[in-house]
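Comments concern the structure below.
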Amino acid sequence: MGKTKETVLEIHLPNLLDNFQVIKSKISSSTKVLAVVKAVAYGSNAVAIAKCLELAGVDYFAVAYVSEGIALRKEGIKTPILVLHPQIENLEKAIRYDLEPSMYSFRILNAFSKVVQQNSIRKYPVHLKFNTGLNRLGFNEMDIKALKKTFNQESLKLVSIFSHLAATEDPSETEFTKTQLAVFARISQHFDAAPLRHVLNTSGILNYPEAHYDMVRTGIGLYGFGNDPQFDKEFKPVLHLKTVISQIHTLNKGESLGYNRAFIATNTTKIATLPIGHADGISRQYGNGNGQVYIKSMPAKIIGNVCMDMLMVDVSTIDCEEGEEVIIIDDKTQTADSLAKQANTISYEILTALSERIQRKLIVKP
Ligand SMILES: *Cc1c(COP(=O)(O)O)cnc(C)c1O
């Protein structure tokens, strides 16, 4: 693979397929896999990721919003798509594009039943979302009776019941997670065997094999992270962010660098300017020595304030030139997870913050 000459986000599809197999190896062959491709497939390219996984035989996709599902349908994705957080405003469109909405409240259930009836549709597929302790979206256990009365079996077909867990990656919250799972198990008993049951995200799949049920929902695992050093080893980060050195400056002792003169050289300092900034998703928190990039396998600290379109790194001890390749994240030098830790955040936030301005490049061969 040639060295990059501008800022580029490589999407390594062979790694994606390997991660998909890792997930499959953790579950029984009768358990379905739902791939979460919301937020542009965690900052990558939803259509490319979905096409690749559709060919690999994934059972379901999930997006957060209707617009994300439409984007996939317009590009020919045929696999069922669950919309996790639809808004009433978009329900007609959901039907037009054959998207399956999650029903998470009486308000949306009533609104959707009405839209389905108005369009004289019978048995439109929907999913029921239950709140078991995340307290974000979903019906509560005590709603079940009223829910069964409200659910119009002529208009709607119940495809699945599901819930979402608050802390599957956190060993200190095992007890809480088990309580959530117990609530979900009780809720499941109120439904016959027909609807699919699913409750686990990636860390749940890895840490709670007893609760795989009929389907599992994986997002971050597909993109290469297990949220735990033990599992991270099995996955391969799919997104690699690279850039180049635009210009090199030498600061003399006492000279300042960048906006607000946030860095003052205490010695002669060699500085490299990179064409990526906070508008691209490298937040200002990484400035002033908090974050680093890699040049010729050597760490270079981000110094001064991160600008909108650029940032500067200290290359005093690195033998490098203008035009040299710079690694911000890949699967060896520094992963999105290790970069995230430098700013007290998580890989999810780094990946999904990468701006549209950064060119995406599909890598199809290992
Ligand atoms: C985003 C999301 C997931 C995926 O979680 P990962 O930790 O990325 O595997 C699963 N389920 C729901 C409801 C989600 O919102």
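Atom set for the values below is all heavy atoms of this structure, side chains included, hydrogens, waters and symmetry mates excluded. Numbering of ligands and ligand atoms starts at 1, following listing order.
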Between [Y] and [X], do the side chains contain a donor N or O and an acceptor N or O under 3.5 Å apart?
| X | Y | result |
| --- | --- | --- |
| Thr273 | Gln247 | no |
| Tyr208 | Glu210 | no |
| Asn131 | Asn135 | yes |

Need the ligand 1 atom indices (1-based, order shown) with element for anything under 4.0 Å from a heavy-atom of Arg136.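 Counting from 1, the qualifying ligand atoms are 15 (O).
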Which ligand 1 atoms, with their elements, are less than 4.0 angstrom from a heavy-atom of Ile220?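 Heavy-atom distances to Ile220 below 4.0 Å select 6 (P), 7 (O), 8 (O), 9 (O).
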Counting non-hydrogen protein atoms only, what is the nearest one to [atom]? Give residue, atom name and distance.
| atom | answer |
| --- | --- |
| atom 5 (O) of ligand 1 | Asn201 CB, 3.4 Å |
| atom 12 (C) of ligand 1 | His164 CE1, 3.4 Å |
| atom 11 (N) of ligand 1 | Arg217 NE, 2.8 Å |
| atom 4 (C) of ligand 1 | Tyr42 OH, 3.3 Å |
| atom 1 (C) of ligand 1 | Lys38 NZ, 1.4 Å |
| atom 9 (O) of ligand 1 | Thr202 OG1, 2.5 Å |

Check the hydrophobic clustering (I, L, V, M, F, W, Y; side-chain heavy atoms under 4.5 Å; chains of links allowed) and say if Ile27 and Leu206 are grouped together.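 Ile27 clusters together with Leu206.
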Parallel, tilted or perpendicular, as decided by the 30° and 60° cut-offs, for the rings of Phe139 and Phe130: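 The rings of Phe130 and Phe139 sit tilted, inter-plane angle from 30° to 60°.
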Students often mix this up, so state it plainly: with edges at 30° and 60°, are the rings of His85 and Tyr104 parallel, tilted or perpendicular?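 His85 and Tyr104: perpendicular rings.
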Is there a heavy atom in His198 that sits closer than 4.0 Å to ligand 1?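 Not so, His198 does not reach ligand 1.
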Compute the minimum heavy-atom distance from Tyr348 to ligand 1 and say whether it is under 4.0 Å.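 Yes; Tyr348 lies near enough to ligand 1 that a heavy-atom distance drops under 4.0 Å.
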Would you mind checking if Lys26 and Glu234 are paired as a salt bridge, meaning a charged N to carboxylate O distance below 4.0 Å?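 Yes, charged N to carboxylate O under 4.0 Å.
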Leu84 and ligand 1 - part of the residue with a heavy-atom distance under 4.0 Å: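 Leu84 to ligand 1: side-chain contact only, backbone stays beyond 4.0 Å.
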Is any N or O atom of Gly219, backbone or side chain, closer than 3.5 Å to an N or O atom of ligand 1?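 Yes.
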Look at atom NZ of Lys32 and say whether more than 12 heavy atoms of other residues, nucleotides or ligands are closer to it than 6.0 Å.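 Not buried by this count: 12 neighbours or fewer within 6.0 Å.
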